[in-house]
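Report on the following structure.
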Amino acid sequence: MTAATHHATGCLVCGAELTYLPASVPMACALCGASHPSAARCVAGHYVCDACHSAPAKDVIERTCAATDERDPIALAVRLMRHPAVKLHGPEHHLLVPAVLLAAYWNVRGEPGRKADAIREARRRSEPVAGGFCGLQGACGAGIGAGTFVALATGSTPLAGPARGLSNRMTARALDVISRTDGARCCKRDSFLAILAAARFSREHLGVALPARGPACEWSASNRECLADGCPFHAPAAPR
Ligand SMILES: [Zn+2]
Ligand SMILES: [Zn+2]
């Protein structure tokens, strides 16, 4: 069973089976943090509110990133990618990349109150970056998302000096690593590469260390163009 089908039927956070209590009790949503009475949660204890359950991808990404206290942008990205609204490939990844980076950045800096506005602005800036930019314009939207993260973290504008330089250098670094796989687009691989490049860049140039490590990919089996052993995140299939 692939991650996509697994999470479509089980827990949206971890894929485990759901269990039902005899009566509703207050539960905090594992995605947006809102508290609601519910009788359903997964065997690992995750409850997902109705709004997060049925929201479109960009709403799920924005709500989750604005509410989370997660400091690891890769862990946050994987959690979002398991949500059935986030498709295997698609322009929602152009928001996902800057949103998980901004959430982790402001959480590590101890200023979580600055996340929501920044993530809303990242969403606005991601809208013109259409699906297929990677192969059609030669600029992968995940790489552009890393540059958007640095632009928002530094307050860059077209008139800024060093901040504009840093933002463009971030996009260049991310696009460079993305280009080097020489493979068909994979929004999982390219998002992970952009996030890892941004975590390195944040430590070196912004003085903020984001804990991030390359994950073991859960989506290989559902991706027809998967590079398999040619992808840095490819993991052998789990025993069934
Ligand atoms: Zn769960
Ligand atoms: Zn929720």
Side-chain angles (χ1 to χ4, degrees), residues 1-88 90-107 112-124 126 188 191-192 211-213 215-222 233 235 237-240:
M1 188 178 276
T2 67
T5 54
H6 200 48
H7 290 280
T9 54
C11 170
L12 294 190
V13 177
C14 72
E17 277 172 44
L18 300 184
T19 85
Y20 294 88
L21 308 179
S24 295
V25 295
M27 295 189 198
C29 175
L31 293 177
C32 76
S35 182
H36 299 283
S38 172
R41 64 184 174 207
C42 85
V43 293
H46 300 122
Y47 156 70
V48 174
C49 77
D50 286 347
C52 286
H53 223 281
S54 55
K58 286 195 172 184
D59 288 348
V60 172
I61 293 166
E62 184 179 339
R63 292 163 67 87
T64 303
C65 291
T68 186
D69 57 7
E70 180 62 71
R71 299 156 69 100
D72 176 342
I74 291 283
L76 184 52
V78 168
R79 203 176 308 154
L80 288 167
M81 289 170 177
R82 287 173 178 163
H83 193 290
V86 177
K87 300 294 181 281
L88 180 62
E92 58 265 46
H93 296 83
H94 304 169
L95 169 63
L96 187 147
V97 169
V100 301
L101 287 165
L102 287 162
Y105 177 82
W106 289 115
N107 286 340
R114 299 184 65 174
K115 277 179 298 187
D117 285 351
I119 292 164
R120 194 172 312 118
E121 177 64 13
R123 179 172 180 168
R124 201 185 62 74
S126 77
K188 297 322 187 223
S191 295
F192 294 145
R213 317 178 62 141
C217 182
E218 302 172 17
W219 291 272
S220 301
S222 36
F233 311 112
R240 291 154 194 243

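Whatever order the structure lists ligands and atoms in, that order sets their numbers, starting from 1.
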(request) Among the N/O/S atoms of H46, select the one at the shortest distance from the Zn ion (ligand 1) and name it. (result) ND1
(message) Does any part of the side chain of R213, heavy atoms only, come nearer than 4.5 Å to the side chain of I74, both counted from C-beta?
(response) no
(request) Mind reading off the angle at the Zn ion (ligand 1) between the SG atom of C14 and the SG atom of C11, rounded to 10°? (result) 110°
(message) With no hydrogens and no angle check, just 3.5 Å: does a side-chain donor-acceptor pair link K188 and H93?
(response) yes
(request) May I ask you to say whether K58 pairs ionically with E92, meaning some side-chain N is under 4.0 Å from a carboxylate O? (result) no
Output a table of donor-acceptor pairs, distance under 3.5 Å, between side-chain atoms of residues 100-107 and any protein atom two or more places apart or on a different chain; print 'none' if there are none.
residue: Y105; atom: OH; partner: R109; partner atom: NH1; Å: 3.0
residue: N107; atom: OD1; partner: K115; partner atom: NZ; Å: 3.1
residue: N107; atom: ND2; partner: T68; partner atom: O; Å: 3.1
residue: N107; atom: ND2; partner: E70; partner atom: O; Å: 2.8
residue: N107; atom: ND2; partner: A103; partner atom: O; Å: 3.1

(message) Classify the ring geometry of W219 against F192: parallel below 30°, tilted from 30° to 60°, perpendicular beyond 60°.
(response) tilted
(message) Restricting to distances shorter than 2.8 Å, give the number of protein N, O or S atoms close to the Zn ion (ligand 2).
(response) 4
(request) Taking side-chain hydrogen bond (donor to acceptor under 3.5 Å, both in side chains) as the test, write out the residues that go with D72, two or more places apart. (result) none
Check: residues 28-56 side-chain donor-acceptor pairs under 3.5 Å, at least two apart:
residue: S38; atom: OG; partner: A40; partner atom: N; Å: 3.0
residue: S38; atom: OG; partner: A40; partner atom: O; Å: 3.3
residue: S54; atom: OG; partner: D50; partner atom: O; Å: 3.0

